[in-house]
Amino acid sequence: MYKVDSDMQKQLSQIRGEALKEIAGALNTKQLYEIQVKYLGRSGMLTEIMHSLSALAAAEKPLAGKMCNEVKKALEERFAAQQELLENAEVAGKLEEAWIDITAPGVKFETGHIHPISRVQYEVERIFEQMGFTIADGPEVESEYYNFEGLNIPAHHPARDMQDTFFIRREPDKKHGRLVLRTHTSPVQVRMMERLGAPLRIIVPGRVFRNEATDARHEHTFNQVEGLLIDRDISLAHLKGVMQEFLTRLFGREMKVRFRPGYFPFVEPGLELDMSCTLCVETGCRVCKYTGWIEFMGAGMVHPNVLRAGKIDPKKYQGWAFGFGLTRLAMMRYGINDIRLLSSGDLRFLEQF
Amino acid sequence: MKISLNWIKEFVDIPAKYTARRLAELLTLRTCEVEGFEDEAAKFANMVVGRAEKIRAHPNADKLRLVDTDIGGRTVQIACGGENLYNGMLTAVALPGAMVKWHGENRFTELKTARIRGEESCGMICAEEEIGLPVLTPQKGIAIADLSYFFKSYGKPAAKPGTPLAAALGLDDVIFEIDNKSLTHRPDLWGHYGMAREFAAFLGKKLRPFVTRNTIVKTGDKVNVKIEKPEICARFLSAIITGIKTEESPMWLKNRLQAVGMRPVNNIVDATNYVMLELGHPLHAFDRRAVANDTFAIRFARKGEILETLDHKKRALSQEDALVTNGEKALGLAGVMGGLNSEISPRTTEIIIEAARWNPLLIRKTASRHFLRSDAAQRFEKALDPEITGMAFRRVCELILKLCPSAHLSGPVTDIYPKRAKSQSIPLSIETLNRKIGIQIKKNEIIKHLRALEFSVKKAAKGALKIEVPTHRALHDISMEDDLVEEVARMHGYENIKPQLPELPIKLPIENIERRRKHASREILSHILGMNEANLYSFYGNAEIRKCMLPEGAHIKIDNPITEDQTHLRISLMPNLLKAADVNIRSAKIVKLYEIGRTYMHGENYFPLEEKFIAGLIMRPESKREIFYDALGTLRAFLKQSGAPEFRVEEIASAPPYAHPAKCAAIMCDGKEIAAVYELHPQVLKNFDIKCATAGFEINFTRLAALGRKEYAFRPIPRFPDMEIDVSVLVPKKTQVREITEIIRAANQPHVSGIELHDVFENASFGANKKSFTLRITLQSPDRTLTDEEMKQTQEVIYKVLRDSGFVIR
């Protein structure tokens, strides 16, 4: 057995003792790192000793190496442990200092706004599409034929008074009569019957025009939604069902509808459809004039003359049609009190949606 | 139109349990739209007639007395300060709960039982002003309403104590305001008798028959009636009444008329109006002297003929206006308005009554031609029942004879009635009816509903009925089975129809791609690109056309505009956007507006060409960069986001007149121009008084949507790093960057994967009319990392081609 240089042993033990003391005394990771370099770095004290092992006699090397490694391992363990301790302390310290003003607004992003009518239109289209309705479209400059005659409103019919019409300056056509700005979306009924035949399930959102003076409640330009369902056994009970579902989905709460007689030449029976007041929930308030109901739309069973105009046999098919004001719906939805704001293009209005 | 419930009650009993509100609701649910109602009696709720039984001094107050008052069945003690109190006096007693107005106050407050100076007072003996009545009692000192005096002076029987005050004073009417539009198809409802028929039907009550008593005069003066063209008039009744004394109508008649908003004139005119409001059929009374020859010749107006109507207007007549004449001079515009020359005056002693059923179409045309929507015209244009013409004639004669006891018919009645109105018979299938309504209504119920409306019902084959339509519903109203379905449905009660969803097979709706892309476009423009959607008008006027330098003749014109900014249909969305921008620039720093809408152009066919456009407008008053690039960048991002196929920015073939001619480009896609982008023409901005540079774009959405979409296709993510070379090249100022990139591209270097304009820079040192482009060129290989050597080689080649093209590398 050979004895390893006792100096070296002493030296190792001293280094170990000092290093452990220093590690324990390190106040932060930076100090700890410096201590680590001092002992275990490329030219650290322990590293130096380990380098010097090569000078030892072959017989002494294993034992000396073993001793060195033991010290190195012990130091490394302590370094790691102390490192974790100090890091934890540092995180805790940072957490304690940290503060942010959550009332400051954050980074500003410039986003735009979709018009309230488009928003409501999208919702309406989506709900009806889910019920299998096709979204149809028709011209805004329409013929007298489609706007009136085809809808069972012959010339000089008193019902023409109900809709003041914008006429286009143009020679009339033999079949079609004069050109008008459509006064309702109903002309698309006959157009779609002609094009698609029965059965038919469509809605037609679109812009319509009435030749009247504007004020907070009246506009010469507004949007309507026409609906049409034709099949073999479609009844008024189905109109109630579909509209109740539609309104319930749209307003996100149980809605009721009621029918009462109304007159439109293109339907028979003709109805007015009221919906339960969205404000007072049927108990009566100023908005619903203390009736619990709000006038919502005109509707009825499609008049046989209209079916015939659309080349559909009224003996085989029947169904209903309705038309409601999308503009009015948007106003109700968002509580807009002046219809003119909708076409104003005023950003102070548009930016609210 | 106004309907008086008291008037209705003359024809049908209304059970007391129905409140005014409930009746209004029922009328709305079964018949027509009630816009509102006024319940007179509601103001006098909790007020009764009382009788002063015993008047005692108040122990604690000098000016008050205690009155034991009989209020019907019981006697209560009320403190009262009225100085005109006497034993047995009938008084207006407000009981607790009544709304009264204290002396000198304006608001009504609810009355409560109180102790007044230590004595109980169960109500209040009221003065007229305290309960909103006009003052009738002689005012001496502190006076309370003396109902005994009131009844005496009106010749009314005294009401019993306890009678509700409203009933005792005849102030218990309910006035319903009906929406005329909901009566468009129902001429029978333009009078109280027709309305009463509806009340009777939905309340399950009997309608009293309309009975008139007339004495028939067989000999004497008779009106001679000639009708030139039978289509003018289906029936004409006339008679002479002599012994007339024109005077003010009696109170009851005036009250009736005033209650429904008609101004009383004199007894004769009031009588014709009364009958019109009762039966819905207008009548006319002529001064016999004005007619002169007891002759009516009904004819169309002659060319150039002029008539001065009752409203003192001289009207130039059309040959389509029907006239009532005496064969020599025109006396009135038939069915629309009488002539001034034959007006009833205080000197009138003899009259001729006209009851005519005019051709509704003629009346409608005449009324609209002369802007004369008189009460008469509104009714005549609705196809009245000629049977009612007879009823109205008999009724007005009866009424005039009653109002003028000295009056009498001077001779036989003339009645021209060539074709008697006939009731029509319509078959009704019970199965069809229930299939359309969607519930099962039993046959006997159907019969009950129809009979209540005076239809006569006969049973036909199994499951079918034969319905005879009464004449008052037969014209332009009930003519087919569906009309009967409505009658049954409304009388059965629409509220009895249970909501039900149709059992239809699942069927995918036809996809509306354009509409879907329209909504997607809004999401992109608003929520990604920060623009705001507007919704502007489809028309503008000469001012906008001039300001935008648009050709006026290209526009489709409105024939009957109300205002001068709606004379032309738009051929571009830009003018109204500019108008809106003008509104906004005052309040907003940056304006970014767009609209999706249609333009309207003359087409090849009868129908105009309607194309959908997306137009945008951008203003950044404080920005120094070319506003054109704001619009171009927005447009590029939009097209990319919306999946447009490959597109290229090109010189525009023809710039819109409002675009800056030098700062304008077209977006070409598949050989078609799908969009234009431009700075607005400086002159146009000046015309709109816009002081900052403004850019716009217009996308032909119809074309874009038709192009289809670019499909997304995955490309592998590069595995090896890319390298960038920046090349700065000096070019003449008006060089397009595309010219340079094309040269580089043409060099066809294998690793070039991208060329991008990094910077444009001008500096005096470059010399006049020079600028520098810095292009960033990306090199990339899919299968290895490129070497510095390869990068250098590529750079050399690029330098060379640029130099060869005559450019200087900086």
Side-chain angles (χ1 to χ4, degrees), chain A residues 110-115 117-118 122 125 129 132-135 139-141 156 158-159 162 166-169 173 176 201 207 211 213 220-221 229 231 233-238 240-242 244-245 258-263 268-270 272 301 303-304 318 342-348 350-351, chain B residues 28-29 31-32 181-182 184-185 361 364-365 381-382 435-439 482-483 485-486 489-490 494-495 497-502 504 507 509-510 512 515 519 522 526-527 530-538 556-560 562 580 583-584 587-588 592-593 598 600 606-608 610:
Chain A
E110 199 183 311
T111 53
H113 304 268
I114 290 179
H115 196 277
I117 289 181
S118 305
Y122 180 70
E125 287 179 5
E129 257 188 315
F133 284 76
T134 289
I135 297 160
E140 287 171 5
V141 183
H156 302 294
M162 289 157 72
F166 278 114
F167 288 96
I168 301 295
R169 191 173 300 168
D173 174 85
H176 282 286
R201 222 189 295 184
R207 185 178 271 206
N211 190 2
H220 50 68
T221 303
L229 177 57
D231 212 309
D233 297 306
I234 296 302
S235 71
L236 290 176
H238 296 135
K240 241 188 195 178
V242 167
Q244 199 153 297
E245 287 291 303
R258 78 167 185 183
F259 289 168
R260 53 189 171 82
Y263 174 66
E268 188 67 50
E272 294 277 358
M301 297 297 284
H303 195 287
Q318 63 185 44
L342 291 156
S343 328
S344 66
D346 191 329
L347 283 166
R348 291 167 301 177
L350 299 173
E351 281 173 353
Chain B
T28 296
L29 288 173
T31 306
C32 57
K181 272 186 202 164
S182 72
T184 305
H185 60 314
L361 194 59
R364 201 179 139 67
K365 286 182 175 172
E381 69 174 25
K382 285 184 181 69
R435 194 156 45 86
K436 289 198 170 163
I437 299 174
I439 48 170
D482 303 78
D483 298 322
V485 171
E486 176 171 271
R490 69 187 179 94
Y494 284 122
E495 66 273 27
I497 300 176
K498 289 208 176 52
Q500 196 186 327
L501 284 177
L504 293 173
K507 212 175 140 207
I510 299 167
N512 189 331
R515 187 60 58 93
H519 289 302
R522 291 189 177 108
S526 295
H527 294 162
M531 302 199 66
N532 295 293
E533 189 189 10
N535 196 340
L536 307 168
Y537 294 136
S538 291
I556 293 171
K557 276 175 233 152
I558 302 287
D559 211 20
N560 55 339
I562 294 184
V583 172
N584 283 306
S587 58
K592 289 166 95 179
L593 272 180
R598 301 186 193 194
Y600 316 84
Y606 164 76
F607 284 100
E610 290 182 27

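Please read these numbers as outputs of a predicted model, since none were measured by experiment. Protein chains get the first letters and strands the later ones, always in sequence-line order, with residue 1 at the start of each. Any value given below was found using the heavy atoms of this structure, including those in side chains, with hydrogens, waters and symmetry copies removed.
Of the listed residues (B:Ser182, B:Ala489, B:Pro608), the one with the most heavy-atom contacts under 4.5 Å to chain A is B:Pro608. Considering only heavy-atom pairs separated by less than 4.5 Å from chain A, the leading option among B:Asn512, B:Asp482, B:Val485 is B:Asp482. Chosen from B:Tyr494, B:Tyr600, B:Tyr606, the residue pairing most often with chain A at heavy-atom distances under 4.5 Å is B:Tyr606. Per-residue counts of heavy-atom pairs under 4.5 Å with chain A were compared for B:His527, B:Lys507, B:Arg598; the largest is that of B:Arg598. If you tally non-hydrogen atom pairs under 4.5 Å between each of B:Pro509, B:Gly438, B:Ser526, B:Gly530 and chain A, the highest count goes to B:Ser526. Considering only heavy-atom pairs separated by less than 4.5 Å from chain A, the leading option among B:Lys382, B:Glu495, B:Arg490, B:His519 is B:His519. No other option in A:Arg207, A:Glu125, A:Glu272 has as many heavy-atom pairs under 4.5 Å with chain B as A:Arg207. Between chain B and the residues A:Glu351, A:Glu129, A:Arg348, the most heavy-atom pairs under 4.5 angstrom are made by A:Arg348.
Of the atoms belonging to B:Asn532, heavy atoms from both backbone and side chain fall under 4.5 Å from chain A. Only the side chain of B:Leu361 comes within contact range of chain A, judged by heavy atoms closer than 4.5 Å. Contact annotation for A:Leu350: only side-chain heavy atoms (C-beta onward) come within less than 4.5 Å of a heavy atom of chain B. Contacts between A:Glu245 and chain B at a heavy-atom distance below 4.5 Å involve the side chain alone, from C-beta outward. Only the side chain of A:Gln244 has a heavy atom closer than 4.5 Å to any heavy atom of chain B. The parts of A:Asp173 that come within reach of chain B are both its backbone and its side chain, each placing non-hydrogen atoms under 4.5 angstrom from that chain. Both the backbone and the side chain of B:Arg522 come within less than 4.5 Å of a heavy atom of chain A. Looking at A:Phe133, the atoms closer than 4.5 Å to chain B (heavy atoms on both sides) all sit in the backbone: N, CA, C or O. For B:Thr28, the parts sitting under 4.5 Å from any heavy atom of chain A are the backbone and the side chain alike. Using a 4.5 Å cut-off between heavy atoms, B:Leu593 touches chain A through its side chain atoms alone. Proximity to chain B (any heavy atom under 4.5 Å) is restricted, for A:Leu342, to the backbone atoms N, CA, C and O. Of the two parts of B:Lys365, only the side chain, counted from C-beta on, holds a non-hydrogen atom closer than 4.5 Å to a non-hydrogen atom of chain A.
Taking the side chain as every heavy atom from C-beta outward, A:Leu229 and B:Pro502 approach each other to under 4.5 Å.
Minimum heavy-atom separation, B:Ile562 to A:Ala213: CD1-N, 3.7 Å. Between B:Lys436 and A:Gln318, the shortest heavy-atom contact is CE-OE1, 3.4 Å. Looking at every heavy atom in both residues, A:Pro269 comes nearest to B:Glu486 through CA-OE1, 3.2 Å. Nearest heavy-atom pair, A:Ile135 versus B:Arg515, reported as atom, atom and distance to 0.1 Å: CG2-NH1, 3.7 Å. Minimum interatomic distance between A:Val141 and B:Glu610 (heavy atoms only, all atoms of both residues): N-OE2, 2.7 Å. Across A:Glu140 and B:Ser538, no two heavy atoms sit closer than the pair OE1-OG, 4.1 Å.
In this structure a side-chain-to-backbone donor-acceptor pair under 3.5 Å is missing from A:Asp231 to B:Leu504. Listed for the B:Asn584 side chain is a donor-acceptor partner under 3.5 Å among the backbone atoms of A:Gly345. Side chain of B:Glu533 to backbone of A:His115: a donor-acceptor contact under 3.5 angstrom is found.
One finds the CZ atom of A:Arg169 at 12.5 Å from the CD1 atom of B:Ile556 (value rounded to the nearest 0.5 Å). Once rounded to the nearest 0.5 Å, the distance linking CE of B:Met531 with CD1 of A:Ile114 reads 13.0 Å. Within the model, atoms CD of B:Gln500 and CG of A:Leu236 stand 11.0 Å from one another, a figure rounded to the nearest 0.5 Å. The NZ atom of B:Lys498 sits 9.0 Å away from atom NZ of A:Lys240, with the distance rounded to the nearest 0.5 Å. With rounding to the nearest 0.5 angstrom, the CD1 atom of B:Ile497 is 11.5 Å from the NE2 atom of A:His238. Distance check: A:Phe167 CZ to B:Ile558 CD1 gives 11.0 Å after rounding to the nearest 0.5 Å.
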Derivation and outcome, side chain to side chain contact (heavy atoms under 4.5 Å, CB included), residues B:Asp559 and A:Ile168: CA-CA 5 Å; B:Asp559 211 20; A:Ile168 301 295; over 6 Å; no
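Taking the six-membered ring for Trp and thresholds of 30 and 60 degrees, B:His185 and A:Tyr263 have nearly parallel ring planes, at less than 30 degrees apart. Ring geometry, A:His220 versus B:Tyr537: the interplanar angle falls from 30° to 60°, so the pair is classed tilted.
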